[in-house]
Amino acid sequence: MPELTYLEAINAALHDEMEADPRVFCMGEDVGRQGGAFGATKGLQQRYGVMRSIDTPVAEAGIAGVAIGAAMAGQRPVAEMQFGDFVSIAFDQLITCAAKMHYRIGWAVPMVMRCPNGGGVGGGPYHSENVEAWFHHHAGLKIVCPATAADAYGLLRASIRDPNPVVFCEHKFLYRREKAEVETGVDADVARIGEARIARSGDDLSIITYAATMQLSLSVADSLAAEGTSADVIDLRTLIPLDIETVLASVRKTGKVLIVHEDNLTGGFGAEIAALVAQRAFEYLDAPVTRVAGLDTPIPFTPVLEREYLPTEEDILRAARDLVAY
Amino acid sequence: MPELTYLEAINAALHDEMEADPRVFCMGEDVGRQGGAFGATKGLQQRYGVMRSIDTPVAEAGIAGVAIGAAMAGQRPVAEMQFGDFVSIAFDQLITCAAKMHYRIGWAVPMVMRCPNGGGVGGGPYHSENVEAWFHHHAGLKIVCPATAADAYGLLRASIRDPNPVVFCEHKFLYRREKAEVETGVDADVARIGEARIARSGDDLSIITYAATMQLSLSVADSLAAEGTSADVIDLRTLIPLDIETVLASVRKTGKVLIVHEDNLTGGFGAEIAALVAQRAFEYLDAPVTRVAGLDTPIPFTPVLEREYLPTEEDILRAARDLVAY
Amino acid sequence: MPPPQPERVSDESAIDLYYWMSLTRGVEERALNLYRQGKLPGSYYTGRGQEAIAVGIALPLRRGEAGDWLSPWIRDLGSYLVHGVPPWRIFAQFMGKAGSTTRGKDGNLHIGGREWNIPCQVSHMADMIPLTVGAALAYQQRGEDRVAVTSFGDAATSRGDFHEGLNIAAVLEVPAVFVAENNGWGYSTPISKQTKVTELYRKAASYGIPAVSVDGNDAFAVHGAVQAAVDAARAGRGPQFIECRTYRMGGHAAHDKYESYMPMEVLAEWSDKDPIKRLENALIEERALPEGRLETVRDRVKEEVRQAVELAERDGYPDASEAHEGVFADEAP
Amino acid sequence: MPPPQPERVSDESAIDLYYWMSLTRGVEERALNLYRQGKLPGSYYTGRGQEAIAVGIALPLRRGEAGDWLSPWIRDLGSYLVHGVPPWRIFAQFMGKAGSTTRGKDGNLHIGGREWNIPCQVSHMADMIPLTVGAALAYQQRGEDRVAVTSFGDAATSRGDFHEGLNIAAVLEVPAVFVAENNGWGYSTPISKQTKVTELYRKAASYGIPAVSVDGNDAFAVHGAVQAAVDAARAGRGPQFIECRTYRMGGHAAHDKYESYMPMEVLAEWSDKDPIKRLENALIEERALPEGRLETVRDRVKEEVRQAVELAERDGYPDASEAHEGVFADEAP
Ligand SMILES: Cc1ncc(C[n+]2csc(CCOP(=O)(O)OP(=O)(O)O)c2C)c(N)n1
Ligand SMILES: Cc1ncc(C[n+]2csc(CCOP(=O)(O)OP(=O)(O)O)c2C)c(N)n1
Ligand SMILES: [Mg+2]
Ligand SMILES: [Mg+2]
């Protein structure tokens, strides 16, 4: 099996789905000849032609709307936002048209909106957003947030095959830093949307997380192990639909829950997890439901400020120790 | 003091602020001669002229952006969305420009975006949205949700005077149903943003709510009283900034918390309240943190389905009884 | 610019136009009564006076699931009828009954379904334009000779999605047809406050899209222009734009007190230009068809409307449990 | 359409143009070196070859807090300089230092401040257009004879906010000036894939906004066109549109491998049209100014750039705690 970066895994998933299904096509700004700002669509236009890897004008609302219409007309569009931040412009099309079409007339909208997501790359307030919480409140959209190269591959293929609109949040920080041996090819395994993963198993504490902070949490779990604390690390993988049973099972086991995400705290997806745990696992809780997240501010540009914004291993470790000591 | 409906109170607040401050002006679709789709801006153009109650083209992103620019240039714009649902189109302008301008260069954006909000009026999926949760996650916007005619008046005036962008969610169901004697006039009292109100005081249970469901919760509290249960009913009034201390004080007193909103459950503002309570009042909790909210679906049109979507007094009462019995 | 003279349609087709336009008005007049009797929840919009557009847009199209995509504007009840939606289901939609195409989940002309290749429009003006471009793109990608058509009002041209959609359509050269219905008003706002360029067809020049402007109250003119545009798009000549000049013959919605802002004398002028009256004159004076044939059409319409209302009234409401269903699709189509 | 012949600017003003354009290039060349040395976080964009536009837009404007609003595009470093931002603070911005106008909270040309009446642009292309219309509206409402000006690239014309902003500006007749910089590219996408109407000034016709197209590499032409547009807007003749034709003399950003998509021969042609070289020729050949005067300007620029970098390098970074501050304003301005 080849070792692929998270970004290469995304590219491979696009190649394999386009090979497997002639209805699948990519569209977005500079995705064609250029292969996208990050190279996620590299080689697709050369291999599948200009009609299947389409350079569009700079028009995010239009891109989203065109993808929705093409999906309704039987294609499987994969639209790319050059940066996830710009999906703010497509917000209306996604929640007004994509999210509500099937509920109203049972007409499915099988499309994927790829959003290069997240900070830690010195991008500043407009190239670092975590956009998952712009959409998780709104019924009708699925939200996928892979943390590993294997999931970047398997979950993107699953998202393309899903009959519903999927907001696919690919974390830019992981693009080149995450690597894994991934089995690719048209017949390779495709992951399942809606299943969380126990990334690491432990008894003293449940760390519920996804995307970049999942990787942070794994090394925090190592440090905790060195201190004699064993932690469950749950990688949610998809936020909507949420595999709440896996979360609750872990919390019932450990009695202590630490929710971690890079996105800012207030109204982040962690709030929903905390609310569900506080309602459905209340009897099992031995400590306050705790969240570690980004600051409730825009994501600042200069490194010293961006570091302050981002949740760090130290932040997670400190919170974990407090929970264990509680 | 005159008895005003919630809608008349909004109109009065606009009149009084425009009288008090020449920088204040209204803009939006049909707000001018027509006085708006609901009449909230009635009489303003006649009294203050076409330059201070401006009919705009149908362009919500443009309306928001123009309001932001005018605010930065020293005016006090009050923009109206004909229905709050359409603010989805202004989402980018609000979070990208309005919310982040002061953080980046300390240049304030004193504007109000008025959003006729909520269901229960047979409006269907596109004329019934509760939009507060589209924005509460995003740092830099204040969110105000009045539940009474007095607050509709006092909080709108406070929002216009606030130096920050405010998303003002006025509940359509309350427009003509809520009435109160409200002292108006240029020198009348102006409410304070960021202060919750103990709408009713009790010991057995805390009901945390806002807007239309605040009114429902008050009558539920009556029914509970008849059963010998006394409930605190906390009217949040503003979601951002949140008066969490008043919420925590109530929960510490009662040990049981019921969070109620009309907006759909997942990722609604109730999730954030639940998360804060489960973290900061954990030791005081005697029962699971409970939420009653709208369904995780679009808001359907036909009455039998819309009733099913909306949280009812029965739903709240049932949840309250379960908590008391717990 | 004026459209090319359409070739004269046969008497049969002319009668067909008359039938659909009459049916459109028949359904709307009946629905308005039901609304006034309080039998329709929500608010009610009519396209009275714009029937030539509603019908003229749809008649040149291929119908059915494998046919042309049609996303009509809320004034275009006739487009739904022509493109295949049974009248009784439109009444059921207005009534919020289970037989509505949305099973009561949405109202008024938010009607649609795969079987007719009509997407369910949203309230947000101009949002359906990019979707229509996307459908046209899909047909182009698969090499199918299908077109995607959408209509919208004059005020919708102020929206960003109008701009982004038309520009993308032009650049990708997709088989899409855009029909702007210029009725002079957007709710209480006259077009002069909506845009400085009130001849809407001129906006298409920004995108390099061929455009014509026609008399929207002349059924033959609309039909001919749409036929020509659809033929051009189908033949691979890219997107086409049509402006139909008409007038909103009343309030924005049934509850709108338009008398406060609409000049009554202009309204009066336009009612003389009523497209159905005008078509009747054309049929009887110019084509010398016997009054009897029109009579037959009107009787048929009356009967169909009567039956449709009866069916819709007999229809039940959806079960409350349905509110919970359908947010997500289970399997791909 | 061609702009009215601007009257010939004085030698003093011509030298002024030369100074600002040279300073612009001096700052950018130095910054590019710093970037290549890894001294600038984030990515780096230059406006090399577009200095005539950057400077020509700003020179006709009134400066200071009570002056004209100017919201420049990321290629327009010169606009910031002319409108009052000290060079060292621009370097501090690139370096993410405390002395940057955003105190390190934002990067590259996301620069602004009340004192210069420069709003801090956002990345989202065209978003600043409606804001600029809003500022112009404010001036109009208060009866001030100020104008609001913004510039943007050719690709920004594809965005809905371009459309909504220009249409509203036209309808409200506000004193706004829109400057489109047509450099033929949007990242790797040629303008031919951005729009079918590559003569951008023609898009203004959709809104009824007067428009001209000028040679963006001719400092006199740009300056004259902007002066005329600003005068017209100030005089209450409503919004104005200017297209400046130029070319992007390299990659989208410093990291962009543009050689893979940009035809080198075209690039070569355009480098002969370099606006600074061109202005030098005009000053020496046409106006017969002594080489010495230009020499003096270039020396002054070198020295100012040196000092600016020195100041910026001596400047410190913001304290980490500042990340928490400033989300909300405490009191109204
Ligand atoms: C984006 C958006 N903003 C506002 C509205 C509210 N609204 C419904 S119809 C309408 C006016 C439509 O005018 P026009 O497009 O000319 O169509 P007409 O009603 O004249 O047929 C408005 C403002 C809406 N539906 N969508
Ligand atoms: C809304 C939005 N989409 C995408 C981007 C990413 N992006 C930054 S610059 C650029 C191309 C800009 O081209 P143009 O407007 O012609 O300006 P130029 O770079 O040529 O000066 C793109 C696509 C963005 N900044 N904003
Ligand atoms: Mg109209
Ligand atoms: Mg360009």
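We name chains A, B, ... by the order of the sequence lines, and we start the count at 1 in each one.
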*When you look at Ser260(C) and Gln34(B), which way does the side-chain contact (heavy atoms from CB on, under 4.5 Å) test go after all the steps?*
CA-CA 8 Å; Ser260(C) 67; Gln34(B) 177 80 345; 4.1 Å; yes
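- Ranked by heavy-atom pairs shorter than 4.5 Å toward chain B, the options Pro41(C), Ala155(C), Ser321(C) are led by Pro41(C).
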_Full working for side-chain contact (heavy atoms from CB on, under 4.5 Å) between His110(C) and Tyr126(B)_ = CA-CA 10 Å; His110(C) 294 194; Tyr126(B) 300 111; 3.8 Å; yes
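- Here Arg159(C) is the residue among Glu325(C), Met95(C), Arg159(C), Lys193(C) with the most heavy-atom pairs under 4.5 Å with chain B.
- Interface remark: Asp161(C) contributes no atoms to any contact with chain B (heavy atom separation under 4.5 Å).
- With contacts defined as side-chain heavy-atom distances shorter than 4.5 Å, the pair Leu305(B)/Pro318(C) qualifies.
- Looking at heavy atoms from C-beta onward, Pro300(B) lies out of side-chain contact with Arg103(C) at the 4.5 angstrom threshold.
- Across all their heavy atoms, Phe301(B) and Gly42(C) have their closest contact at CE1-CA, 4.0 Å.
- Checked by atom type, the side-chain pair Thr189(C)/Asp55(B) shows no donor-acceptor distance below 3.5 Å.
- Contact of the Glu322(C) side chain with the Glu308(B) side chain is not registered, since no non-hydrogen atoms from C-beta on lie closer than 4.5 Å.
- Counting only heavy atoms from C-beta outward, the side chains of Ser123(C) and Phe83(B) never approach each other to under 4.5 Å.
- Considering only heavy atoms from C-beta on, Gln82(B) comes within 4.5 Å of Tyr187(C) through its side chain.
- Heavy atoms closer than 4.5 Å to chain C are found in the backbone of Asp296(B), but not in its side chain.
- Ranked by heavy-atom pairs under 4.5 Å with chain C, the first of Thr297(B), Thr56(B), Val121(B) is Thr297(B).
- The shortest side-chain heavy-atom distance between Arg33(B) and Tyr261(C) falls under the 4.5 Å cut-off.
- For Val327(C), the part lying under 4.5 angstrom from a heavy atom of chain B is the side chain only.
- Proximity to chain B (any heavy atom under 4.5 Å) is restricted, for Tyr317(C), to the side chain, taken from C-beta onward.
- Within the model, atoms CH2 of Trp185(C) and CG of Asp30(B) stand 10.0 Å from one another, a figure rounded to the nearest 0.5 Å.
- Between Lys105(C) and Thr302(B), every side-chain heavy-atom pair lies at or beyond the 4.5 Å cut-off.
- Using a 4.5 Å cut-off on side-chain heavy atoms (C-beta onward), Val58(B) and Gln194(C) make contact.
- For His252(C), no part lies near chain B; criterion is any non-hydrogen pair under 4.5 Å.
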